[in-house]
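By convention in this document, chain letters (A, B, ...) are assigned in the order of the sequence lines, proteins followed by strands, and residues within each chain are numbered from 1.
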Amino acid sequence: MASLVWIRKDLRLHDHPALHYGIQAGEILPVYIHEENHHKWSIGSAQSWFLHYALQSFQKRIEDIGGKLLIKIGDPAKILPKLLKDYSINTILWNRSYEPTNIVMDNSLAEKLHNEGVTVKTFEGTLLLPITKIKKKDGNAFKVFTPFYKAHQKMDIPKPLATIKQMNSPVMMIEDSLAVNDLGLLPAIKWTDGLEKRWSPSELAAIRHFNAFERNRLKHYKNGRDFPSKVYHAEMSPYLALGLISVRSMYHYIVKNAEAAGEPFLRQLVWRDFAYSLMFHFPNTIEKPMNKKFENFKWNEDQEAFIKWRKGLTGYPIVDAGMRELWETGYMHNRVRMIAASFLTKHLLIRWQNGAEWFWDTLVDAGLANNSMGWQWVAGSGADASPYFRIFNPTLQSKKFDPNGDYIRKWVPELRTLSDDAIHAPHEQSSSMLEQAGIILNENYPAPIVEHKAARERALARYNEIK
DNA sequence: CACACCTTTCC
DNA sequence: GAAAGGTGT
């Protein structure tokens with residue numbers, strides 16, 4: 001008995017429930033479909049690059065164990081039923097997606113196929129737990145993390161499934177499959193050198209990266225992860241985003257090997273489940289504020305400032321360093337994401353949706369649930385958000401989390417000649433010191449586009465209008 | 001009067 | 001999380 005396995009953001013052979021189930025029954029036709037009808041949140045440019053190489057390595061991995069990946073472009077709702085007929089397959093399996101547009105598509109596809117007599121089975125392959133089932137006693141969804149976390153902890157997280165070691169695929173008509181290169185995932189003009197230098201998009205690289213984190217850096221995670229010049233953070237998000245590694249495998253590996261030291265990291269994995277839970281139960285919060293008060297918030301329409309933020313030319317070195325790291329490598333350290341996002345929404349009063357769209361396009365690890373929740377958290381409009389009056393002072397944050405200025409020197413090299421202390425705020429330095437360092441404000445590094453104190457007061461006043 | 005340290009306010 | 005407004009030395 002053969003099964004068709006619809007592959008999506010689960011490009012791996014370990015702990016892959018749909019593949020694992022199918023392999024018990026016999027032959028597998030694994031199918032990846034690149035959807036042509038792009039909508040705003042389908043895939044960003046940086047992640048598209050990542051996906052290209054992740055797909056190539058996944059394809060090779062399947063071939064190495066005897067199988068074959070079928071690649072298509074188009075509408076899954078049309079392609080999948082046709083493939084089932086063409087290959088005389090009567091079972092289709094996939095790991096569930098929680099993106100609202102996919103839920104609609106998947107449900108109608110499942111119903112249609114079921115009515116045609118096809119066996120349809122779906123699995124949890126993305127999260128620690130199927131979050132649709134985690135609810136408050138009154139039946140409503142959690143809006144606050146801590147009670148969600150407690151409910152989550154009471155449940156048993158399934159053990160990872162064995163890695164697929166062998167696969168037989170039906171004999172494939174060669175013209176049926178496209179090559180990864182045909183999908184047009186790489187940019188027309190090559191801007192991806194920085195991404196190539198930093199990332200290896202493959203399942204084996206993801207596992208290697210994770211093992212090295214657990215072995216060498218996890219013990220520093222709790223106290224060190226907030227320092228962007230260090231690598232005490234896990235940096236697993238790009239792999240998780242496309243399912244190159246299983247979150248359940250990570251969870252159980254850490255429980256087994258690290259015991260109590262692993263708790264802060266495991267907690268972050270539960271935050272990821274929480275983000276998916278929010279997206280599932282409150283899908284309109286992808287674009288709209290969770291807190292209704294913010295519907296009336298008066299944001300600024302300041303295209304010029306938005307461009308400067310994106311380019312890393314705000315005049316606040318820590319913000320600029322983060323934005324340039326993002327542009328160069330498709331990634332930004334989480335602490336710096338918070339600082340840069342706070343700066344956009346509070347200092348510049350630019351709507352968080354604009355920031356979310358930029359991150360979506362530029363991050364290799366972009367995920368709809370995390371992205372929306374993170375931005376709403378910073379903006380203060382989220383359910384369990386940081387209060388609006390919590391406005392980061394970028395200079396203080398910089399001194400605290402990049403005390404030697406190493407991160408700034410790496411990404412804003414024009415400031416490298418400033419001292420460890422002065423580098424956080426060039427505009428506060430004496431002209432003689434700037435001269436000595438060879439820095440001319442607004443010539444080789446911008447003066448701040450907004451002054452911190454005034455911007456803070458303006459933001460609080462703006463919030464007063466809706467409170 | 002500078003400063004370290006603590007508490008309250010921002011809501 | 002940061003700033004302001006205390007207190008004491």
Sole candidate of H333(A), R198(A), R217(A) that passes side-chain hydrogen bond (donor to acceptor under 3.5 Å, both in side chains) when paired with E235(A): R198(A)
Candidate list L278(A), D384(A), I134(A), test side chain to side chain contact (heavy atoms under 4.5 Å, CB included), partner F142(A), passing option: I134(A)
Taking every non-hydrogen atom, the tightest pair across Y407(A) and G322(A): OH-CA, 3.3 Å
Heavy-atom protein contacts under 4.0 Å, nucleotides 4-11 of chain B, coded B base, S sugar-phosphate only, - none: ------BB
First and last nucleotide of DNA chain C, 5' to 3', lying under 4.0 Å from heavy atoms of chain A: dG1(C) to dA4(C)
Exceeds 12 heavy-atom contacts within 6.0 angstrom, atom CG of D138(A): yes
Polar side chain donor-acceptor pair, H233(A) to N334(A), under 3.5 angstrom: no
Under 3.5 Å side-chain donor-acceptor pair for E203(A) and H14(A): yes
Ring pair (Phe, Tyr, Trp, His ring centres under 6.0 Å) partner of F343(A), the single match among W309(A), Y316(A), F392(A): Y316(A)
T314(A) backbone acceptor or donor facing D320(A) side chain under 3.5 Å: yes
Residues in contact with DNA chain B, drawn from residues 372-385 of chain A - heavy-atom cutoff 4.0 Å: none
Neighbour count above 12 (heavy atom, 6.0 Å) for W299(A) CH2: yes
Donor-acceptor side-chain pairing of S430(A) and S432(A) below 3.5 angstrom: yes
